[in-house]
There are 4 protein chains.
Amino acid sequence: MGHDFHTNQPIYLQIIQRLCRQIIRGELGAGDKLPSVRELAVQMGVNPNTVQRVYSEMERLQVAETKRGLGTFVTEKESRLKQLREELMTEQISSFISDMKEMGFTASEIVEGVRKTLEHE
Amino acid sequence: MGHDFHTNQPIYLQIIQRLCRQIIRGELGAGDKLPSVRELAVQMGVNPNTVQRVYSEMERLQVAETKRGLGTFVTEKESRLKQLREELMTEQISSFISDMKEMGFTASEIVEGVRKTLEHE
Amino acid sequence: MGHDFHTNQPIYLQIIQRLCRQIIRGELGAGDKLPSVRELAVQMGVNPNTVQRVYSEMERLQVAETKRGLGTFVTEKESRLKQLREELMTEQISSFISDMKEMGFTASEIVEGVRKTLEHE
Amino acid sequence: MGHDFHTNQPIYLQIIQRLCRQIIRGELGAGDKLPSVRELAVQMGVNPNTVQRVYSEMERLQVAETKRGLGTFVTEKESRLKQLREELMTEQISSFISDMKEMGFTASEIVEGVRKTLEHE
DNA sequence: GTGGTCTAGACCACC
DNA sequence: GTGGTCTAGACCACG
């Protein structure tokens, strides 16, 4: 079992996130084959139902495609992958900033906080 | 009803978050009285039990104190409030950065992304 | 306010306990006058209703007596006070031992634990 | 209904206490499955919500762990269980001793009282 | 009036 | 099946 039980985010979302990140990092490229449902289920120490859900969801997001009898693959549309990278980045940043503002932090506090945290690593 | 139904975060956590943000923004100061359980329940369009849970949790976090028969109050320990502000800020920033890194973004991409997004507002 | 708000035991019981302990320690002797309801209420930072309850309860326990127009006094029956001391001690010890046994500690573990804790003070 | 109504301690605390004692007595071992919420609710003659609260609290104390969709289990960390035993013992003893001292009993009176009471059983 | 606990019963996501 | 959350409405002790 390679996933984190301690968080309360649904396991299938954790797995989707992990796969998407591998994709935008380039570890998984357009058209690459994803593990079979059963394989990934074993790898992750998870019920096959859960993996099934992961793949359905990724298909809905047009990030993966299922070819009947062959398996599930990263979409072949490279443009969709670039778009995905942008989407995830923008989404992440805006939600971060809006949260910080809601907590009353100023723009400069935010930039400084991020810079310092990145330095100290 | 003033809370978000479209998110999957439990209502009581949403309310805690909202109150904590009001506190660290300084809208609620040390020692201030919080609304009574029943009052807040009406304000939020929520069951009193849910608010009860909010206040219990905030007391556990030492952000609120309850005085029997009198009501629930923001803690009188100013230091705890400063600490809370730091905690929430650090927590927010680190989780943001670790997410971004996991997606393969570099430190400079992150800082730039944040700076640009803040400018365009 | 000289009492402890942090515990969840009712305030009136805390006050009764405190008074009884002063009595069996001999700080308050048989026949001594107790403070008036209003006085004690101010001393303790507590509502007079609460003190009223304290005195009623102590009267029920035959530890205090109220003389109309004069005030409330520690009972004059010295024997009752000795008895009280014994009662409280026995009660305390038996409930302690039965708790420890219920937790699976042996007689010798209990005696040793108590001895050691008393030494290290 | 298997719990004490005649005490003023909340039912959920009584149940936690009972479970913790079973654990430190070794009747429930590390990793053992606890009854499901609904099961225990029936056993105890109590509402499922009350048991829910018991399990949440025990998880917060790191005495229990819940596995989504599977159930609630005694923590697998044996060290935590040893620690729990120590904690409960120390807690019990110190509160007993401080109570006795506050009542004016001397160290030797305390030790003797405990020894004698244990002999007469 | 306040918070604290409890029951009854519901719906949800997850495995 | 499991735990997690929520509503509705009740009763209690306390100040």
Side-chain angles (χ1 to χ4, degrees), chain A residues 1 3 5 8-15 41 44-54, chain B residues 1 3 5 7-15 33-41 44-59 64-73, chain C residues 1 3 5 8-15 41 44-54, chain D residues 1 3 5 7-15 33-41 44-59 64-73:
Chain A
M1 42 181 92
H3 57 79
F5 267 130
N8 49 3
Q9 199 182 26
I11 293 177
Y12 80 96
L13 284 181
Q14 293 178 38
I15 299 177
M44 294 278 160
V46 148
N47 192 298
N49 285 337
T50 306
V51 176
Q52 187 54 59
R53 193 165 184 169
V54 167
Chain B
M1 41 184 94
H3 57 269
F5 271 127
T7 177
N8 50 0
Q9 201 183 26
I11 297 176
Y12 78 94
L13 287 180
Q14 293 176 38
I15 298 178
K33 185 175 186 315
L34 295 169
S36 84
V37 169
R38 291 155 180 82
E39 236 174 77
L40 189 52
M44 296 301 222
V46 150
N47 188 284
N49 275 333
T50 304
V51 176
Q52 181 64 48
R53 187 166 186 175
V54 166
Y55 283 171
S56 311
E57 197 65 15
M58 288 178 70
E59 188 164 18
E65 289 165 355
T66 88
K67 297 182 184 166
R68 244 199 294 241
L70 296 178
T72 305
F73 301 79
Chain C
M1 38 182 94
H3 58 80
F5 267 131
N8 49 5
Q9 198 182 28
I11 293 176
Y12 78 96
L13 285 181
Q14 294 177 38
I15 298 177
M44 294 277 162
V46 148
N47 192 298
N49 285 337
T50 306
V51 176
Q52 188 55 59
R53 194 164 186 170
V54 167
Chain D
M1 40 185 92
H3 54 78
F5 270 127
T7 176
N8 51 359
Q9 201 183 26
I11 297 177
Y12 77 95
L13 287 180
Q14 294 177 38
I15 299 178
K33 187 175 187 312
L34 295 169
S36 84
V37 169
R38 292 155 179 81
E39 236 173 78
L40 189 52
M44 296 301 221
V46 150
N47 188 284
N49 275 333
T50 303
V51 176
Q52 181 64 49
R53 188 166 183 175
V54 166
Y55 283 171
S56 313
E57 197 64 15
M58 288 179 70
E59 187 163 19
E65 288 164 355
T66 87
K67 296 182 184 165
R68 244 198 296 239
L70 296 180
T72 305
F73 301 79

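Residue numbers begin at 1 in each chain, while the letters A, B, ... track the order of the sequences. What you see is a predicted model; the values in this text were computed from it and never measured. Below, all heavy atoms of this structure are taken into account, side chains as well, without hydrogens, waters or symmetry copies.
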Worksheet entry | Flag side-chain contact, heavy atom, 4.5 Å: D:I15 against D:M44 |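 The answer is yes; the side chains approach within 4.5 Å.
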
Hey, does the side chain of [X] come within less than 4.0 Å of [N]'s phosphate (OP1/OP2), counting only N and O?
{"X": "D:Y55", "N": "F:dG3", "answer": "no"}
{"X": "D:S36", "N": "F:dT2", "answer": "yes"}
{"X": "B:R53", "N": "F:dT5", "answer": "yes"}
{"X": "B:T72", "N": "E:dG3", "answer": "yes"}

Worksheet item: Given that both distances must come in under 3.5 Å, which nucleotide forms a Watson-Crick or G-U wobble pair with F:dT2?
Response: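 Paired with F:dT2, as far as the under-3.5 Å criterion goes, is E:dA13.
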
Practice prompt. State which residue, out of B:L40, B:T72, B:N47, B:V37, fulfils the side chain to side chain contact (heavy atoms under 4.5 Å, CB included) condition with B:Q52.
Written response: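 So the option named by the test is B:V37.
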
Protein-nucleotide distance ([X], atom [atom1]; [N], atom [atom2]), rounded to Å:
{"X": "D:K67", "N": "E:dC14", "atom1": "NZ", "atom2": "C1'", "result": "15 Å"}
{"X": "D:I11", "N": "F:dC11", "atom1": "CD1", "atom2": "C1'", "result": "12 Å"}
{"X": "D:Y12", "N": "F:dC12", "atom1": "OH", "atom2": "P", "result": "19 Å"}
{"X": "B:N47", "N": "F:dA8", "atom1": "CG", "atom2": "P", "result": "6 Å"}
{"X": "D:Q52", "N": "E:dT5", "atom1": "CD", "atom2": "P", "result": "16 Å"}
{"X": "B:L34", "N": "E:dG1", "atom1": "CG", "atom2": "C1'", "result": "16 Å"}
{"X": "C:I15", "N": "F:dC14", "atom1": "CD1", "atom2": "P", "result": "11 Å"}
{"X": "B:E59", "N": "E:dT2", "atom1": "CD", "atom2": "P", "result": "17 Å"}

Of the candidate nucleotides [options], which contains the atom at the shortest distance from the side chain of [X]?
{"X": "D:N49", "options": "F:dG4, E:dT5, F:dT5", "value": "F:dT5"}
{"X": "D:T50", "options": "E:dG4, E:dC6, F:dC6", "value": "E:dC6"}
{"X": "D:V37", "options": "F:dG3, F:dT5, E:dC15", "value": "F:dG3"}

Item to complete: Report which part of the nucleic acid D:S56 touches: base, sugar-phosphate, or nothing (heavy-atom distance under 4.0 Å, all strands).
Response: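 Nothing, no nucleic acid heavy atom in range.
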
For [X] and [Y], work out which heavy atoms get closest and say how close.
{"X": "B:Q14", "Y": "B:Q9", "result": "NE2-O, 2.7 Å"}
{"X": "D:Y12", "Y": "D:V54", "result": "O-CG2, 3.5 Å"}
{"X": "D:L70", "Y": "D:K33", "result": "O-CE, 3.6 Å"}

Item to complete: Answer yes or no: side-chain N or O of B:R38 and base N or O of E:dG3 forming a donor-acceptor pair under 3.5 Å.
Response: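 It does, because a donor-acceptor pair links the side chain of B:R38 to the base of E:dG3 below 3.5 Å.
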
